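Okay, structure first, notes after.
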Protein chains: 2
Amino acid sequence: MSEPAPLPTACEAALSAALRPALFKALCDPVRVSIVARLATRQDPVAVSDLVACCGIDFSGVSRHLKLLRQAGVVSATREGRSVRYSLNSDALCQVLRASADALEQCSEQAG
Amino acid sequence: MSEPAPLPTACEAALSAALRPALFKALCDPVRVSIVARLATRQDPVAVSDLVACCGIDFSGVSRHLKLLRQAGVVSATREGRSVRYSLNSDALCQVLRASADALEQCSEQAG
DNA sequence: GCAATATTTGCGCGATGCTGCAAATGTTGT
DNA sequence: ACAACATTTGCAGCATCGCGCAAATATTGC
């Protein structure tokens with residue numbers, strides 16, 4: 001009874017939950033993608049001022065993008081002296097992307 | 001010479017290319033996610049009118065969302081009589097999501 | 001406390017996005 | 001050709017987003 005057979009509705013709900021708009025919203029802007037790409041290549045956290053170069057926009061804009069990415073769980077911030085250094089949550093991000101793919105795959109397997 | 005050693009820049013570019021904003025833009029709207037989730041549970045293509053129920057918005061809006069999803073390569077459309085039936089490109093979508101995760105992973109492995 | 005440096009936040013502007021309504025387009029059957 | 005049904009597109013309103021500039025906040029060193 002704890003397993004009333006997986007209904008189509010169940011995996012649909014699971015997929016709907018896995019595909020969280022907030023995450024994709026974080027990755028749908030070119031500037032944010034370039035920030036993520038930049039952070040991905042650095043093991044050590046990077047200061048905001050070092051990210052400005054790869055973005056082509058003002059300090060403030062970069063800071064805002066980073067805030068959004070942080071709120072989406074994509075990056076983490078730690079203060080170090082005067083500067084705030086950001087790092088990419090690679091593992092978490094990979095996991096979420098793969099979980100989305102898995103949920104999708106499971107749905108379509110079950111459907112067909 | 002064809003392999004000048006993989007620079008950090010190379011995987012950064014690869015990741016930047018893998019994380020195509022257009023795809024994520026397609027998935028950053030709740031209505032579109034529900035459409036994708038709905039289509040994922042159906043092996044056979046679904047008509048627009050059958051998708052309206054799960055969206056809570058007007059016909060026209062659903063049609064527009066489907067257009068955007070189609071342009072992003074997420075769904076495919078085929079006309080069948082009066083109606084146009086949409087189906088999810090599950091395999092392609094899975095592949096893109098996993099490719100993103102792989103590119104990300106490769107970058108962070110190379111970095112650290 | 002003050003100046004210097006690094007980042008965040010407030011504000012306003014222009015661009016983009018989502019929506020409903022109505023009109024246009026495509027398709028079938030009479 | 002015409003009516004009925006399904007979908008798409010044009011239009012306008014409203015919200016949200018991304019941006020630069022300037023002001024505010026945080027931290028360090030004198």
Side-chain angles (χ1 to χ4, degrees), chain A residues 16 19-39 42-89, chain B residues 16 19-39 42-89:
Chain A
S16 212
L19 266 40
R20 289 180 304 120
L23 171 72
F24 295 112
K25 191 166 219 100
L27 298 175
C28 76
D29 181 88
V31 174
R32 285 195 289 271
V33 167
S34 65
I35 291 176
V36 168
R38 187 68 162 175
L39 289 179
R42 313 283 168 160
Q43 173 74 351
D44 299 326
V46 181
V48 180
S49 52
D50 289 339
L51 289 169
V52 173
C54 77
C55 293
I57 62 172
D58 194 72
F59 287 85
S60 56
V62 177
S63 179
R64 265 179 242 274
H65 282 303
L66 285 166
K67 180 182 183 182
L68 194 153
L69 287 169
R70 182 166 46 80
Q71 289 172 337
V74 176
V75 304
S76 298
T78 57
R79 190 168 260 287
E80 236 175 87
R82 285 189 252 254
S83 59
V84 176
R85 301 188 184 274
Y86 286 85
S87 58
L88 185 65
N89 298 336
Chain B
S16 212
L19 267 40
R20 289 179 304 119
L23 171 72
F24 294 114
K25 196 171 221 74
L27 299 175
C28 76
D29 180 89
V31 174
R32 285 195 289 272
V33 167
S34 66
I35 290 176
V36 168
R38 187 68 161 174
L39 289 178
R42 313 281 167 160
Q43 173 74 351
D44 300 326
V46 182
V48 179
S49 53
D50 290 337
L51 289 169
V52 173
C54 76
C55 294
I57 62 172
D58 193 73
F59 287 85
S60 56
V62 178
S63 179
R64 266 179 242 272
H65 282 304
L66 286 166
K67 180 182 183 182
L68 195 153
L69 287 169
R70 181 165 47 80
Q71 288 173 337
V74 175
V75 305
S76 297
T78 57
R79 191 168 261 286
E80 237 175 86
R82 286 189 253 254
S83 60
V84 176
R85 301 188 184 274
Y86 285 85
S87 58
L88 185 66
N89 299 335

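It should be emphasised that the depicted structure is a prediction, and the values quoted were computed from it without experimental measurement. The chains referred to below are lettered A, B, ... by the order of the sequence lines, with proteins before strands, and numbering in each begins at 1.
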What's the [atom1]-[atom2] distance between [X] and [N], to the nearest Å?
{"X": "B/Arg79", "N": "D/dA6", "atom1": "CZ", "atom2": "C1'", "value": "7 Å"}
{"X": "A/Phe59", "N": "D/dT25", "atom1": "CZ", "atom2": "P", "value": "19 Å"}
{"X": "B/Leu51", "N": "D/dT8", "atom1": "CG", "atom2": "P", "value": "10 Å"}
{"X": "A/Ile35", "N": "D/dG18", "atom1": "CD1", "atom2": "C1'", "value": "12 Å"}
{"X": "B/Leu68", "N": "C/dT16", "atom1": "CG", "atom2": "P", "value": "14 Å"}
{"X": "B/Gln71", "N": "C/dT16", "atom1": "CD", "atom2": "P", "value": "15 Å"}
{"X": "A/Ile57", "N": "C/dC13", "atom1": "CD1", "atom2": "C1'", "value": "16 Å"}
{"X": "A/Arg85", "N": "C/dT7", "atom1": "CZ", "atom2": "P", "value": "8 Å"}

Which of these nucleotides, [options], is closest to any side-chain atom of [X]?
{"X": "A/Asp29", "options": "D/dG18, C/dT8, C/dT19", "result": "D/dG18"}
{"X": "A/Arg82", "options": "C/dA6, C/dG26, D/dG18", "result": "C/dA6"}
{"X": "B/Ser63", "options": "C/dT19, C/dG26, D/dT8", "result": "D/dT8"}
{"X": "A/Asp58", "options": "C/dG20, D/dT7, D/dC21", "result": "D/dC21"}

Ignoring backbone atoms, test whether [X] places a side-chain nitrogen or oxygen under 4.0 Å from the OP1 or OP2 oxygen of [N].
{"X": "A/Ser83", "N": "C/dA6", "value": "no"}
{"X": "A/Lys67", "N": "C/dT9", "value": "yes"}
{"X": "A/Ser49", "N": "C/dT7", "value": "yes"}
{"X": "A/Arg32", "N": "D/dG18", "value": "yes"}
{"X": "A/His65", "N": "D/dC19", "value": "yes"}
{"X": "A/Tyr86", "N": "C/dA6", "value": "no"}

[atom1]/[X] to [atom2]/[Y] distance, rounded to the nearest 0.5 angstrom?
{"X": "B/Arg42", "Y": "B/Leu51", "atom1": "CZ", "atom2": "CG", "value": "9.0 Å"}
{"X": "B/Arg64", "Y": "B/Leu69", "atom1": "CZ", "atom2": "CG", "value": "14.0 Å"}
{"X": "B/Cys55", "Y": "B/Asp29", "atom1": "SG", "atom2": "CG", "value": "9.5 Å"}
{"X": "B/Leu39", "Y": "B/Tyr86", "atom1": "CG", "atom2": "OH", "value": "10.0 Å"}

Original post:
Which sits closer to the 5' end of DNA chain D, A/Gly81 or A/Lys25, going by the nucleotide each is nearest to?
Top reply: A/Lys25

**OP:** Using only heavy-atom distances, decide whether a donor-acceptor pair under 3.5 angstrom links the side-chain of A/Ser60 to the base of D/dC19.
**Re:** no

Original post:
Got a donor-acceptor pair under 3.5 Å from the side chain of B/Arg64 to the base of C/dG20?
Top reply: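 Result: at least one qualifying N/O pair found.
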
Original post:
Quick check: does any side chain N or O of A/Arg32 sit under 3.5 Å from a backbone N or O of B/Pro21, one acting as donor and the other as acceptor?
Top reply: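 Answer holds: no.
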
**OP:** Of all the heavy-atom pairs spanning B/Leu66 and B/Val75, show the shortest one and how long it is.
**Re:**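 So the minimum-distance heavy-atom pair works out to O-CG2, 3.9 Å.
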
**OP:** Have a look at A/Val31 and say if it touches a base, only the backbone sugar-phosphate, or nothing, with a 4.0 Å heavy-atom cut-off.
**Re:**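 Answer is sugar-phosphate: A/Val31 comes under 4.0 Å of backbone atoms only.
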
